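If you're wondering where the values come from, they're calculated on a predicted model, not measured in any experiment. Starting from 1, each residue takes its place in the sequence as its number.
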Amino acid sequence: KHYELSLHYIESGHYDVAQGKLLALIEEYPNYPDAHNALGVIYERRGRVTIASESFLEAIKLKPEYDVAVLNYGRLMCYMDNSAGIIAASEAMNDKRVKSRLYTANARCYISNNDYKNAQIDILKAIGFDDQYAAAYLILAEIYQHNSAFSLASGALNQFNDLNGYTKESARLGVEINQKLGNTVEVAKYQNVLTTQFSNRTIK
């Protein structure tokens with residue numbers, strides 16, 4: 001209840017009240033990752049980027065599968081120092097799942113800077129630390145697609161779908177990749193996924 005109230009206060013711009021509720025919540029439940037992530041959002045919105053990144057990272061350490069916190073952390077750290085901090089944080093971690101998430105975040109940072117070579121290096125490291133982390137395979141598929149390695153992109157995308165299930169992003173990527181491969185059966189499959197699960201229109 002306190003967490004839900006804090007979200008309401010965040011969205012309405014009452015950061016002092018929200019921060020107070022979240023700090024009280026963390027004091028009572030220090031291992032509640034959602035509270036750490038929400039606190040990071042407040043700190044970031046108030047310009048306190050260092051402590052915001054620490055809050056996001058704490059959320060990831062508590063719940064490595066917390067993809068929202070991974071995205072928040074990676075985006076902020078990429079903005080702050082162009083990936084150097086993410087690498088340092090990853091090297092300090094013992095949990096391989098956390099390492100995998102951080103290297104994935106770093107790969108996204110490289111992609112945002114159009115550095116697909118280093119993005120591929122880091123995303124393969126991420127998969128090496130945790131080969132069951134679905135998000136890494138979607139990024140790998142994007143990298144292979146950018147490099148015109150469409151068969152490899154298709155394989156990586158299949159691994160993502162197998163671990164995670166279809167998303168709108170993965171289905172769109174599936175259409176694009178298989179159009180390049182000339183695989184009309186797979187194109188039709190992904191178009192059907194988009195039509196039946198994510199929209200009312202077929203992607204052409």
Side-chain angles (χ1 to χ4, degrees), residues 1-11 15 18-113 118-140 142-143 159-160 163-165 167 169:
K1 186 176 181 180
H2 283 294
Y3 172 69
E4 291 173 358
L5 278 172
S6 73
L7 295 184
H8 169 73
Y9 286 123
I10 290 172
E11 292 311 310
Y15 297 137
Q19 183 174 326
K21 288 188 175 296
L22 288 169
L23 289 171
L25 185 61
I26 289 170
E27 185 175 352
E28 187 172 358
Y29 302 102
N31 295 326
Y32 187 35
D34 299 77
H36 289 281
N37 180 70
L39 193 58
V41 170
I42 293 173
Y43 287 139
E44 182 180 1
R45 289 188 182 182
R46 303 186 97 168
R48 302 187 64 191
V49 292
T50 298
I51 195 170
S53 68
E54 292 169 356
S55 294
F56 293 141
L57 183 57
E58 185 63 26
I60 298 167
K61 291 192 299 189
L62 290 169
K63 187 179 178 182
E65 64 272 22
Y66 197 173
D67 284 341
V68 171
V70 175
L71 288 170
N72 285 340
Y73 178 77
R75 175 185 44 76
L76 180 58
M77 293 297 289
C78 186
Y79 163 77
M80 287 169 61
D81 64 3
N82 261 352
S83 84
I86 306 176
I87 295 172
S90 178
E91 291 175 350
M93 296 296 150
N94 293 320
D95 188 326
K96 289 186 176 182
R97 296 173 304 158
V98 176
K99 283 180 176 288
S100 177
R101 276 57 173 177
L102 297 186
Y103 272 106
T104 298
N106 210 43
R108 286 193 184 100
C109 184
Y110 280 128
I111 288 173
S112 72
N113 291 312
N118 280 312
Q120 182 171 332
I121 291 170
D122 274 10
I123 207 64
L124 291 174
K125 287 181 180 178
I127 292 169
F129 284 122
D130 182 3
D131 62 5
Q132 297 300 300
Y133 185 41
Y137 291 103
L138 186 60
I139 294 172
L140 182 60
E142 293 172 3
I143 293 168
Q159 287 176 292
F160 169 80
L163 289 168
N164 184 85
T167 64
E169 184 180 3

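Here the side chains of Glu169 and Glu142 are in contact, with some heavy-atom distance below 4.5 Å. Counting heavy atoms from C-beta outward, Arg48 and Ile42 have side chains that stay 4.5 Å or more apart. Using a 4.5 Å heavy-atom threshold, the side chains of Leu102 and Tyr73 count as touching.
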Derivation of the side chain to side chain contact (heavy atoms under 4.5 Å, CB included) call for Tyr43 and Leu76: CA-CA 11 Å; Tyr43 287 139; Leu76 180 58; over 6 Å; no
Pair Tyr133-Asp67, side chain to side chain contact (heavy atoms under 4.5 Å, CB included): steps then yes or no: CA-CA 10 Å; Tyr133 185 41; Asp67 284 341; 2.9 Å; yes
Criterion side chain to side chain contact (heavy atoms under 4.5 Å, CB included) on Asn106 and Met77, from CA distance to verdict: CA-CA 9 Å; Asn106 210 43; Met77 293 297 289; over 6 Å; no
Working for side chain to side chain contact (heavy atoms under 4.5 Å, CB included), residues Ile139 and Phe160: CA-CA 9 Å; Ile139 294 172; Phe160 169 80; over 6 Å; no
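Taking every heavy atom of both residues into account, Cys78 and Ile86 meet most closely at N-CD1, 4.4 Å. Minimum heavy-atom separation, Leu163 to Ala134: CB-CB, 3.7 Å. Annotation for Thr104 and Ala126: closest pair OG1-CB, 3.3 Å, computed over non-hydrogen atoms. Minimum interatomic distance between Asn37 and Ala69 (heavy atoms only, all atoms of both residues): OD1-CA, 3.4 Å.
Partners of Tyr103 by ring-ring contact (aromatic ring centres under 6.0 Å, His included), not counting sequence neighbours, listed by chain and number: Phe129. Partners of Arg45 under the salt bridge (charged side-chain N to carboxylate O under 4.0 Å, His left out) rule, at least two apart in sequence or in another chain, are Glu11. Residues meeting the salt bridge (charged side-chain N to carboxylate O under 4.0 Å, His left out) test with Glu44, sequence neighbours left out: Arg75.
Formation of a donor-acceptor pair under 3.5 Å by the Ser100 side chain with backbone atoms of Lys96 is not found in this model. In terms of modelled atom types and a separation under 3.5 Å, the side chain of Tyr137 and the main chain of Asp131 share a donor-acceptor contact. A donor-acceptor pair under 3.5 Å is absent between the side-chain atoms of His36 and the main chain of Leu57, judged by distance alone. The backbone N or O of Met93 sits less than 3.5 Å from a side-chain atom of Lys99, completing a donor-acceptor pair. Using modelled atom types, one side-chain atom of Ser112 and one backbone atom of Cys109 make a donor-acceptor pair closer than 3.5 Å.
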